[in-house]
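Note sheet for the following structure.
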Amino acid sequence: MQKLIAGNWKMNYGGADAVPLATALKSKIVDPKCGVCVCPPFTAIAAVARVLLGTGIAVGGQNVAWEDKGAFTGEISAPMLHEWGATYAIVGHSERRTYFCEDAVTTGKRALNALKHGIMPILCVGETLEERRAGAIENALKAQLEGAFAHIDAGGEQSLVVAYEPIWAIGTGVPATVENALSAVGFIRAWLISKYGVAPKVLYGGSMTALNAHEFLSKGIDGGLIGGASLKPEEFADIVRIAEKIMRNA
Ligand code: PEP
């Protein structure tokens with residue numbers, strides 16, 4: 001399966017400074033042999049997509065509405081993302097769940113509407129530190145998967161991407177161990193296979209860097225959702241090169 005390296009810029013580089021970052025990525029990631037995608041703030045998507053057009057680096061939103069238009073103040077719809085040149089959308093990121101009260105059901109609705117418009121959702125799931133300490137990782141993942149996938153009727157590689165992101169590893173500099181990540185990713189794959197007969201790409205996210213990417217990507221994880229390190233073009237390009245090399249040697 002082709003690996004995917006996706007960058008989540010979060011609420012950074014939303015204005016004029018997004019273009020130099022995209023330009024730096026364009027010069028460092030040439031004709032990528034794995035999937036590459038960057039998700040800038042909404043206000044920068046169109047400009048970044050213009051810079052990256054034809055480079056093989058896709059652009060995504062950090063969220064997407066579950067309706068196409070209407071009275072949904074503050075939301076951006078899939079047709080709007082599409083018009084800007086985005087082809088991916090992160091849904092259910094833990095920062096959306098934690099700070100903006102999003103849940104499994106709205107995450108599923110967002111993913112479904114993205115799919116309807118040809119936008120590839122990157123659907124995030126992951127446990128809190130309390131759930132991990134209580135030995136409740138699989139229950140937490142199962143609840144998030146059941147809620148999100150209740151109305152999604154396809155689970156194959158072409159349909160969407162799932163990102164396993166243990167919440168305690170995001171932005172902390174403390175990644176999961178590869179064994180922990182593999183165990184959770186294995187659970188997610190098995191759950192998806194039992195529902196759809198096939199599993200899509202499952203990424204790992206949570207303090208992935210150029211130093212630890214090889215460990216995760218060489219052990220069967222399908223890619224990375226990368227926050228902090230995606231803002232450093234050299235390091236993000238290094239992670240892409242690591243993924244490409246693993247694919248070449250597979
Ligand atoms: C993320 O934002 O999804 C993420 C994984 O961030 P970081 O790589 O900074 O932990």
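Numbering of ligands and ligand atoms starts at 1, following listing order. None of the values given here were measured: they were computed from a predicted structure. Heavy-atom basis, side chains included; hydrogens, waters and symmetry copies ignored.
Closer than 4.0 angstrom to ligand 1 by heavy atom are Asn8, Lys10, His93, Glu165, Ala169, Ile170, Gly171, Gly205, Gly206, Ser207, Leu225, Ile226, Gly227, Gly228, sorted by chain and number.
Between the side chains of Glu131 and Thr128, a donor-acceptor pair is found at a separation under 3.5 Å. Glu102 and Asn63 are linked by a side-chain donor-acceptor pair at a separation below 3.5 angstrom, with hydrogens and angles left out of the test. There is a side-chain donor-acceptor pair under 3.5 Å between Asp68 and His117.
Taking 4.5 Å as the limit, some side-chain heavy atom of Leu192 sits within range of a side-chain heavy atom of Phe149. Put simply, the side chain of Asp103 does not reach to within 4.5 Å of the side chain of Arg97, judged on heavy atoms.
In summary, Glu244 and Lys33 do not engage in a salt bridge, as defined by a charged side-chain N under 4.0 Å from a carboxylate O.
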